[in-house]
Number of protein chains: 2
Amino acid sequence: MSPAAAEPSEGSLLLDDQLCFALYAASRAVTARYRPLLDELGLTYPQYLVMLVLWEQDSISVRDLGVALQLESSTLSPLLKRLEANGLLRRERRAEDERSVAIRLTEAGAELRDRAGTVPLAIGDAMGLTPEQDALAKQLLRLITANVSDR
Amino acid sequence: MSPAAAEPSEGSLLLDDQLCFALYAASRAVTARYRPLLDELGLTYPQYLVMLVLWEQDSISVRDLGVALQLESSTLSPLLKRLEANGLLRRERRAEDERSVAIRLTEAGAELRDRAGTVPLAIGDAMGLTPEQDALAKQLLRLITANVSDR
DNA sequence: CTCGATTTAGTCGTGCACAACTAATTCGCG
DNA sequence: CGCGAATTAGTTGTGCACGACTAAATCGAG
């Protein structure tokens with residue numbers, strides 16, 4: 001007989017017992033926190049993630065971008081079109097394989113990296129986790145993603 | 001000098017160092033896992049969350065639903081309209097306050113609860129966490145949500 | 001070499017998510 | 001009581017996210 005509140009958790013239909021809801025709510029809360037910072041860079045949150053990949057590895061195919069971000073081409077194609085329209089990148093068919101499209105940063109896209117440098121620290125600060133909690137959270141989230149993805 | 005891989009984490013612009021990306025990817029992976037189960041119930045994932053709240057507390061206002069799920073009326077209004085069109089709930093202006101709209105389950109909406117009973121267990125199984133990991137993850141996610149939301 | 005299978009981007013339709021705004025109703029101060 | 005402020009749903013516009021599909025290019029077995 002535990003004196004603490006009951007923990008039905010497994011198989012419960014109560015919203016607040018659901019890990020999935022905690023995950024969903026946290027994800028939206030974090031992107032909401034990013035919004036004002038990214039507004040100053042003229043980026044949305046998914047666009048920011050694409051830029052992170054490109055700053056790490058320029059000239060990547062749409063396919064490999066999709067693998068890195070776990071997004072479909074039907075999500076990426078219009079998103080990349082908007083980033084191209086904003087002058088941050090160029091899309092060009094690869095000569096060696098005309099099916100593939102290489103995404104390359106423009107000068108403006110590469111320079112945006114400098115202005116984005118303060119963003120992760122500001123968010124990390126807002127999340128308010130200790131380095132240990134941060135590492136633990138990442139570990140658990142990757143475990144969930146891996147378990148839930150396969151089969 | 002740690003022999004393991006470096007952990008720059010704080011202030012890094014590498015995608016895989018970002019807790020925010022782990023969160024975003026996990027959230028989408030989990031909802032993707034729900035999709036085939038919810039398809040059988042004729043629900044989307046956000047619709048399922050709304051139904052969870054209604055099974056817990058029938059006859060709730062749009063406002064209170066928004067508080068529970070942290071969603072705006074501009075998201076809920078069309079979503080509720082679709083659930084109403086599918087015969088799962090009714091919307092009626094409250095007599096005592098004509099600004100407010102009460103959401104009430106129909107018979108079909110209440111009965112759907114029985115068919116949904118197996119969903120949380122199936123998902124919990126797919127996530128593959130120990131009860132301790134599950135509790136820890138929920139705790140960390142709620143901490144992040146709370147820290148990131150205020151101010 | 002050839003032709004069906006595979007790979008790669010992209011389009012289209014549906015349903016969130018949210019900011020900005022509107023309209024109706026209720027509240028509450030003077 | 002009267003009227004401006006606040007509350008509540010809802011609409012509109014933009015941008016994801018993803019399934020289903022298409023078109024073009026490449027691959028590979030025979």
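Note that the structure is predicted; figures quoted are calculated from it, not measured. The sequence lines fix the lettering, A, B, ..., with proteins before strands; numbering per chain opens at 1.
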Regarding the side chain of Y24(A), the nearest nucleotide among dA17(C), dA9(D), dA17(D) is dA17(C)
Can you tell me how far P of dA17(C) sits from CD of E72(B), to the nearest Å? 12 Å
Could you tell me whether a side-chain N or O of S27(A) sits under 3.5 Å from a main-chain N or O of Y24(A), the two making a donor and an acceptor? no
Measure CG/N86(A) against P/dC16(D) and give the value in whole Å, please. 10 Å
Between R94(B) (CZ) and dT8(D) (C1'), how many Å, whole number? 12 Å
OP1 or OP2 of dG15(D) under 4.0 Å from side-chain N/O of K81(A): no
Name the orientation class of the two ring planes belonging to Y45(A) and Y34(A) (parallel below 30°, tilted from 30 to 60°, perpendicular beyond 60°). tilted
Between R82(B) and dC16(C), is there a side-chain N or O to OP1/OP2 distance below 4.0 Å? yes
Looking at L65(B), L69(B), L49(B), V50(B), which one forms a side chain to side chain contact (heavy atoms under 4.5 Å, CB included) with L79(B)? V50(B)
Hey, which sits more toward the 5' end of DNA chain D by its nearest nucleotide, S74(A) or D97(A)? S74(A)
Check whether any side-chain N or O of S61(A) sits under 4.0 Å from OP1 or OP2 of dA9(C), and answer yes or no. yes
Check this for me, if you would: do D39(A) and R35(A) make a salt bridge, where the nitrogen-to-carboxylate-oxygen distance has to be below 4.0 angstrom? no
Go nucleotide by nucleotide along DNA chain C from the 5' end; which of E98(B) and P78(B) gets its closest nucleotide reached first? P78(B)
Measure from the side-chain heavy atoms of S77(A) and tell me the nearest of dA9(C), dA9(D), dA25(D). dA9(C)
Using a cutoff of under 3.5 Å, can you pull out all pairs of nitrogen or oxygen atoms linking the protein to nucleotides 2-7 of chain C, with atom names and distances?
unit_1	atom_1	unit_2	atom_2	d
dT7(C)	O2	R99(A)	NH1	3.4

Using only side-chain N and O atoms of R28(B), determine if any of them is under 4.0 Å from OP1 or OP2 of dC16(D). no
By nearest atom, which of the nucleotides dC18(D), dT11(D), dC18(C) is closest to the T75(A) side chain? dC18(D)
Whole-Å gap separating P (dG15(D)) and CG (L69(A)): 19 Å
State whether the side chain of W55(A) and the backbone N or O of G109(A) hold a donor-acceptor pair below 3.5 Å, judged by distance alone. yes
Which is true for L71(A) with a 4.0 Å heavy-atom rule: it touches a base, it touches only sugar-phosphate, or it touches nothing? sugar-phosphate
Locate the shortest heavy-atom distance separating T118(B) from R115(B); write the atom from each residue and the value. OG1-O, 4.0 Å
Please compare A95(B) and R91(A) by the position of their nearest nucleotide in DNA chain C and report the one closer to 5'. R91(A)
L79(B) has its side chain closest, among dG10(D), dC16(C), dT8(D), to dC16(C)
Verify same cluster id: L15(B), Y48(A) (apolar side-chain graph, 4.5 Å): yes
Output yes when at least one side-chain N/O atom of R35(A) is less than 4.0 Å from OP1 or OP2 of dA19(C), else no. yes
Output yes when at least one side-chain N/O atom of S100(B) is less than 4.0 Å from OP1 or OP2 of dA9(D), else no. yes
Quick check: does any side chain N or O of Q18(B) sit under 3.5 Å from a backbone N or O of S12(B), one acting as donor and the other as acceptor? yes
Residues of residues 36-49 of chain A with a heavy atom under 4.0 Å from any atom of DNA chain D, listed by number, are T44(A), P46(A), Q47(A)
What is the distance, rounded to the nearest whole Å, between atom CZ of R93(A) and atom C1' of dT26(D)? 13 Å
Value in whole Å for how far the P atom of dA9(C) lies from CG of L76(A): 10 Å
Euclidean distance, atom CD of residue Q70(B) to atom C1' of dC18(C) [Å, nearest integer]: 13 Å
If you group Ile, Leu, Val, Met, Phe, Trp and Tyr by side-chain heavy-atom gaps below 4.5 Å, do V30(B) and L136(B) land in one group? no
Under a single-linkage definition using a 4.5 Å side-chain heavy-atom cutoff for Ile, Leu, Val, Met, Phe, Trp and Tyr, are F21(A) and V148(B) assigned to the same hydrophobic cluster? yes
Atom CD of E84(A) to atom P of dA9(C): distance rounded to whole Å? 14 Å
Within the 4.5 Å heavy-atom criterion, are V53(A) and I103(A) side-chain neighbours or not? no
